[in-house]
Peer 1: 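Shown below is the structure under consideration.
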Amino acid sequence: MMGPTLPISTRRDVCTGECEYCVYKRLWVPYWDRFAMVPAKMVSSRFCLLYSLIPSLVAAQACNLQFDGRIDAALAAADFDVPNDIFSETFVIGQGLVFSQALRLLPAAAGSSFDVDIGAEPAEVLISDDSIFNNQVAFRRAELLPASNDGADASTQGVKTLHFSVLKDAVRPLNLSHEYQLVFLESQDFSTNQFVLKTGTILGQNTADPDTLQLFGNLNDGQLLFSTAFTAGVFHNFALTLDFDKLTTQVFFSRGGDALASVTDVLENDVSGRGQFHFGVLKKPVGGVGDITKNGFQPDAINEGIIFGGIFQEDSADGCISLEP
């Protein structure tokens, strides 16, 4: 006789006790793409042991959070000009500017799936001719840094999964003859990026299609982890599981409202060195020689932006990774 109907669980604690009603879903699939109702079945304790070794991929965002960069709809851009518990009010912004001059908040309904689920506002990070930070006169940059991420906090310890979504702005397009860094982890000693999401024409490379999102591992190694077309009109959703003990990275990706899915294996990638996470627009020059922060060409009348949503980091020490809201 069939047992009771139970929802599929992707938590490792499903196989407990005598495993009388342990349930499962197509373990030969490279990721759990959706969740369904299935009849619970008696399975062996050996199967339960195997199941318990699988990461806890969860349907809803139920993992413990290290930081949450999703913006409450009650907030305005000017709230980020002063100390707040979401993003730094100091870094990274052009000299003499405040974040209300480099940040545009959009209606919550326009957000990524992880924003809409909690009524959070997506945020567009903008650059202009005045976006010159720390006398880096050949760069144009503005970036959001999580307020709690001081470079030595727990966000770069253990196993964490970083979530973020990026969307083009058709009104403020990027100039793809340049290289852009959109999301990256900068080491505490500023010597490298342990990962970086880029688009545009990558310096020193033969970029076949600059309208591509390219996720690189540690810049000291130059490994390309994942790439995908940067499609207009849709959010590109990423989750990066960063193991700061084993020095590995795994990439999850989706577009629009689709659930995240694994698009890489667990890859060796040196994520040591602690540091801070950056979300924004760092536009590099063309024609630079030597120190490209100080020399190279930037055009005038820059008015460019990238829309961000669903920024948060969860603790994945127990294997917990959220695939959808």
Side-chain angles (χ1 to χ4, degrees), residues 53-57 63-69 87-88 90-92 133-134 136 139 141 143-164 166 179-199 202-205 213-227 238-253 260 262-280 282 284 291-293 308 310-322:
L53 300 177
I54 296 171
S56 305
L57 304 178
C63 310
N64 293 327
L65 294 184
Q66 174 63 36
F67 62 73
D68 196 343
F87 293 114
S88 168
T90 308
F91 302 109
V92 170
F133 169 75
N134 197 28
Q136 296 176 344
F139 281 2
R141 61 186 298 192
E143 295 131 44
L144 299 171
L145 277 60
S148 62
N149 177 206
D150 62 7
D153 62 293
S155 66
T156 52
Q157 291 179 313
V159 184
K160 302 293 193 297
T161 297
L162 179 71
H163 288 256
F164 57 88
V166 293
E179 175 185 319
Y180 294 83
Q181 294 193 181
L182 306 181
V183 182
F184 57 98
L185 173 60
E186 184 174 39
S187 62
Q188 192 174 26
D189 64 3
F190 307 109
S191 65
T192 191
N193 297 157
Q194 294 95 319
F195 76 83
V196 54
L197 180 67
K198 298 186 178 188
T199 194
I202 311 303
L203 293 173
Q205 297 190 16
L213 291 169
Q214 299 193 65
L215 181 68
F216 291 89
N218 194 304
L219 291 184
N220 288 331
D221 302 320
Q223 179 186 11
L224 178 64
L225 305 179
F226 174 70
S227 66
F238 289 83
L240 310 181
T241 298
L242 307 168
D243 191 325
F244 295 100
D245 298 321
K246 296 181 179 179
L247 306 184
T248 63
T249 298
Q250 185 173 17
V251 183
F252 297 77
F253 176 76
L260 290 160
S262 173
V263 291
T264 72
D265 295 328
V266 176
L267 304 172
E268 291 185 7
N269 179 42
D270 186 359
V271 291
S272 64
R274 312 298 298 274
Q276 292 176 290
F277 296 94
H278 296 237
F279 307 87
L282 190 164
K284 296 182 179 180
D291 182 0
I292 62 168
T293 70
F308 288 85
I311 296 173
F312 61 93
Q313 188 189 64
E314 50 196 10
D315 191 334
S316 298
D318 64 352
C320 192
I321 302 169
S322 301

Peer 1: Yes or no on side-chain contact (heavy atoms from CB on, under 4.5 Å) for Ile292 and Phe139, after CA distance, side-chain angles and deciding distance?
Peer 2: CA-CA 8 Å; Ile292 62 168; Phe139 281 2; 4.1 Å; yes

Peer 1: Looking at every non-hydrogen atom in both residues, tell me the closest pair between Leu260 and Ala239 and how far apart they are.
Peer 2: CD1-CB, 3.8 Å

Peer 1: Between the side chain of Ser187 and the main-chain N/O of Thr192, is any donor-acceptor distance below 3.5 Å?
Peer 2: yes

Peer 1: Under the criterion side-chain contact (heavy atoms from CB on, under 4.5 Å), I'd like the reasoning laid out for Glu143 against Glu186: C-alpha separation, chi angles, the key distance, then a yes or no.
Peer 2: CA-CA 12 Å; Glu143 295 131 44; Glu186 184 174 39; over 6 Å; no

Peer 1: side-chain contact (heavy atoms from CB on, under 4.5 Å), that's the test. Do Leu162 and Phe67 meet it? Break it down for me.
Peer 2: CA-CA 9 Å; Leu162 179 71; Phe67 62 73; 3.7 Å; yes

Peer 1: Ignoring hydrogens and geometry, is there a side-chain-to-backbone donor-acceptor pair from Asp189 to Ser191 under 3.5 Å?
Peer 2: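 Between the backbone of Ser191 and the side chain of Asp189 there is a qualifying donor-acceptor contact (under 3.5 Å).
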
Peer 1: Per the side chain to side chain contact (heavy atoms under 4.5 Å, CB included) rule, which among Leu185, Leu215, Leu197, Thr161 passes with Leu240?
Peer 2: Leu215

Peer 1: Rounded at 0.5 Å granularity, tell me how far CZ in Phe252 sits from CZ in Phe238.
Peer 2: 13.5 Å

Peer 1: Can a donor-acceptor pair be found, under 3.5 Å and without considering hydrogens, that links the side chain of Gln276 to the backbone of Leu145?
Peer 2: no

Peer 1: Do you know the tightest heavy-atom contact between Gln194 and Gly273?
Peer 2: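 Minimum heavy-atom separation between Gln194 and Gly273: NE2-C, 3.7 Å.
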
Peer 1: Looking at side-chain heavy atoms only, is the closest gap between Phe277 and Phe164 below 4.5 Å?
Peer 2: no

Peer 1: Do Asp153 and Ser148 have side-chain atoms, one donor and one acceptor, less than 3.5 Å apart?
Peer 2: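 No, Ser148 and Asp153 have no side-chain donor paired with an acceptor closer than 3.5 Å.
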
Peer 1: In Å, rounded to the nearest 0.5 Å, how long is the span from CD1 of Ile202 to CD of Gln214?
Peer 2: 5.0 Å

Peer 1: Ignoring hydrogens, what is the shortest heavy-atom contact between Asp68 and Ile311? Give both atom names and the distance.
Peer 2: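 Result for this residue pair: OD1-O, 3.7 Å.
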
Peer 1: Measuring only between side-chain heavy atoms, which start at C-beta, is Val271 closer than 4.5 Å to Asp243?
Peer 2: no

Peer 1: Side chain of Asn218, backbone of Asp270: donor and acceptor closer than 3.5 Å?
Peer 2: yes

Peer 1: As an exercise, state the distance from CG of Asp221 to CG of Asn269, rounded to the nearest 0.5 Å.
Peer 2: 7.0 Å

Peer 1: Does the Glu179 side chain pair with the main chain of Leu282, one donor and one acceptor, at a distance under 3.5 Å?
Peer 2: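 Not confirmed, Glu179 side chain does not pair with Leu282 backbone.
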
Peer 1: How about Phe195 and Thr249: do any of their side-chain heavy atoms sit closer than 4.5 Å?
Peer 2: no

Peer 1: Cation over ring, Lys160 on Phe244, under 6.0 Å and within 45°?
Peer 2: no

Peer 1: Enter the distance from Asn149:CG to Phe91:CZ here, rounded to the nearest 0.5 Å.
Peer 2: 12.5 Å

Peer 1: Between Thr264 and Val251, what is the shortest heavy-atom contact and its length?
Peer 2: OG1-N, 3.0 Å

Peer 1: Applying side-chain contact (heavy atoms from CB on, under 4.5 Å) to Asn193 and His278, what does each step give before you reach the verdict?
Peer 2: CA-CA 10 Å; Asn193 297 157; His278 296 237; over 6 Å; no

Peer 1: Between the main-chain N or O of Leu247 and the side-chain N or O of Glu268, is there a donor-acceptor pair closer than 3.5 Å?
Peer 2: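 It does not hold such a pair.
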
Peer 1: Could you tell me if the side chain of Ser262 sits less than 4.5 Å from the side chain of Gln250, heavy atoms only?
Peer 2: yes

Peer 1: Say you draw a straight line from CD1 of Ile321 to NE2 of His163; how long is it, rounded to the nearest 0.5 Å?
Peer 2: 7.5 Å

